[in-house]
Amino acid sequence: MKRTPHLLAIQSHVVFGHAGNSAAVFPMQRVGVKVWPLNTVQFSNHTQYGQWTGEVLAPAQIPALVEGIATIGELGNCDAVLSGYLGSAEQGRAILSGVARIKAANPRALYLCDPVMGHPEKGCIVPAEVSEFLVEQALTCADVLCPNQLELDSFCGRRAESLQDCVEMARSLLERGPKAVLVKHLAYPGRGAEDFEMLLVTAEGNWHIRRPLLAFARQPVGVGDLTSGLFLARLLLGDDWVAAFEFTAAAVHEVLLETQACASYELELVRAQDRIMHPRLRFAAQPLEL
Ligand SMILES: Nc1ncnc2c1ncn2[C@@H]1O[C@H](COP(=O)(O)OP(=O)(O)O)[C@@H](O)[C@H]1O
Ligand SMILES: Cc1ncc(COP(=O)(O)O)c(C=O)c1O
Ligand SMILES: [Mg+2]
């Protein structure tokens with residue numbers, strides 16, 4: 001029997017609704033991965049409500065929890081680490097030391113970094129020092145990086161001017177560490193208004209996916225976290241880069257269709273669970289020449 005992959009997911013938890021681990025853990029489990037959730041913050045709700053209660057996890061807890069897993073002899077079973085929303089840069093540094101510890105126990109373990117930098121206009125609030133940490137330290141340690149456009153621009157220190165430029169910018173990050181960069185949401189001048197576009201670049205090439213842009217009264221949150229979680233889960237389950245990319249685009253779109261049909265602000269993950277496992281749609285990744 002094929003072994004079930006294990007994945008340590010280090011990101012936020014919200015009590016109500018879906019963001020961070022609260023958006024990604026159940027879908028990753030639903031597609032067949034054993035998830036070890038380590039919550040960087042526990043907030044009442046995601047920050048785009050404008051107010052929340054709760055606490056940031058003390059950074060020293062991250063190595064302490066990893067060490068606890070080592071002590072029971074399970075750390076070598078960790079196949080991947082995912083990091084997302086961070087409550088502080090110190091937490092970020094603690095995650096990198098955890099990643100090093102895990103790679104020592106299992107040299108084949110992958111580290112996927114979703115560099116959540118916040119989006120002040122949208123109400124996604126992240127401390128400024130976290131962005132600096134991501135650009136200066138996390139990038140070089142990540143095997144896979146999953147930025148949105150704003151995050152890609154921050155890594156490159158400029159705004160993308162075209163699709164070609166996005167490809168060049170994402171490829172420039174490959175020289176700094178990651179084996180793959182998945183841009184979860186492209187936004188560049190001249191982009192078609194009807195589509196939601198994503199980009200994947202690896203040493204082997206560049207691929208682009210278009211899916212329909214859906215109308216929402218308020219944009220749902222947690223879509224990026226769902227995207228990076230499913231992409232990593234499918235890689236661990238044996239998909240190649242392009243298959244994981246296509247699966248992720250389809251499964252996320254299914255969740256958004258269910259969310260839209262329910263006129264819900266929070267992602268309808270429970271209702272969409274069978275559609276996550278077996279997306280009915282397929283968006284073919286198109287190779288892009290540079
Ligand atoms: N097909 C779609 N139609 C409309 N909106 C979408 C679609 N897919 C994703 N979105 C929205 O697009 C936004 C992507 O946000 P962005 O900041 O680029 O990434 P992230 O989710 O990581 O913050 C989210 O608000 C998400 O709800
Ligand atoms: C607590 C928390 N975690 C994670 C996120 C990231 O969500 P998204 O997947 O939309 O980038 C947010 C966004 O507001 C948040 O408030
Ligand atoms: Mg995000």
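Start at 1 and go down the list; that is how both ligands and their atoms are numbered.
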Against heavy atoms of [X], which atoms of ligand 2 measure under 4.0 Å?
X: Q48; answer: 13 (C), 14 (O)
X: V221; answer: 7 (O), 10 (O), 13 (C), 14 (O)
X: G224; answer: 9 (O)
X: S12; answer: 1 (C), 2 (C), 3 (N), 4 (C)
X: H46; answer: 15 (C), 16 (O)

**Message:** Determine whether H185 and F196 satisfy the following criterion, ring pair (Phe, Tyr, Trp, His ring centres under 6.0 Å), listing intermediate values before the conclusion.
**Reply:** CA-CA 7 Å; H185 178 197; F196 186 93; 4.3 Å; yes
Within a reach of under 6.0 Å around [atom1] of [X], are more than 12 heavy atoms found that belong to other residues, nucleotides or ligands?
X: K103; atom1: NZ; result: yes
X: R171; atom1: CZ; result: yes
X: E90; atom1: CD; result: no

**Message:** Taking 4.0 angstrom as the limit and counting only heavy atoms of R211, give me the atoms of ligand 1 inside it, by number and element.
**Reply:**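 What qualifies from ligand 1 is 1 (N), 7 (C), 8 (N), 9 (C).
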**Item:** For K184, the ligand 1 atoms whose distance to one of its heavy atoms is below 4.0 Å
**Value:**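 Taking each heavy atom of K184 in turn, ligand 1 has 22 (O) under 4.0 Å.
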**Prompt:** Taking the side chain as C-beta and beyond, is there a heavy-atom pair between Y85 and N21 under 4.5 Å?
**Reply:**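 They are not in contact (no side-chain heavy atoms under 4.5 Å apart), so the answer is no.
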Return a yes/no value for [X]: is any of its N or O atoms, backbone included, closer than 3.5 angstrom to an N or O of ligand 2?
X: F43; value: no
X: V14; value: no
X: D225; value: yes
X: Y85; value: no

For [X] against [Y], the heavy-atom pair lying closest together:
X: V183; Y: Q149; answer: CG1-N, 4.3 Å
X: P147; Y: V181; answer: CD-CG1, 3.9 Å
X: L139; Y: F155; answer: CB-CE2, 3.8 Å

Identify each donor-acceptor pair in which a side-chain atom of residues 68-79 lies under 3.5 Å from a protein atom, sequence neighbours left out, and give them as a table.
unit_1 : atom_1 : unit_2 : atom_2 : d
T71    : OG1    : E67    : O      : 2.8
E74    : OE1    : N77    : ND2    : 2.7
D79    : OD1    : R3     : NH1    : 3.3
D79    : OD2    : R3     : NH1    : 3.0
D79    : OD2    : R3     : NH2    : 3.2
D79    : OD2    : H6     : N      : 2.8

**Option passing side-chain contact (heavy atoms from CB on, under 4.5 Å) with F245 (candidates I209, D239, L199)** =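 Exactly one pass, corresponding to I209.
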**Request:** Under 4.0 Å, heavy atoms only, figure out whether ligand 2 is touched by the backbone of T227, its side chain, both or neither.
**Result:**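 T227 to ligand 2: no contact under 4.0 Å from either part.
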**Candidate list E197, R159, Q164, test side chain to side chain donor-acceptor pair (under 3.5 Å), partner Y188, passing option** =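 Option passing the side chain to side chain donor-acceptor pair (under 3.5 Å) with Y188: E197.
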**Item:** Proximity winner for atom 21 (O) of ligand 1, if only heavy atoms of S228, G224, A215, A19 are counted
**Value:**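 Going through S228, G224, A215, A19 one by one, G224 has the nearest heavy atom to atom 21 (O) of ligand 1.
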**Asked** Between L150, L213, D114, V223, which one has a non-hydrogen atom sitting closest to atom 26 (C) of ligand 1?
**Response**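 It is V223 whose heavy atom sits nearest to atom 26 (C) of ligand 1.
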Do ligand 1 and [X] have nitrogen or oxygen atoms that lie under 3.5 Å from each other?
X: P212; value: yes
X: E151; value: no
X: F196; value: no

**ligand 1-proximal atoms of T227, by part, heavy-atom distance under 4.0 Å** =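 Neither part.
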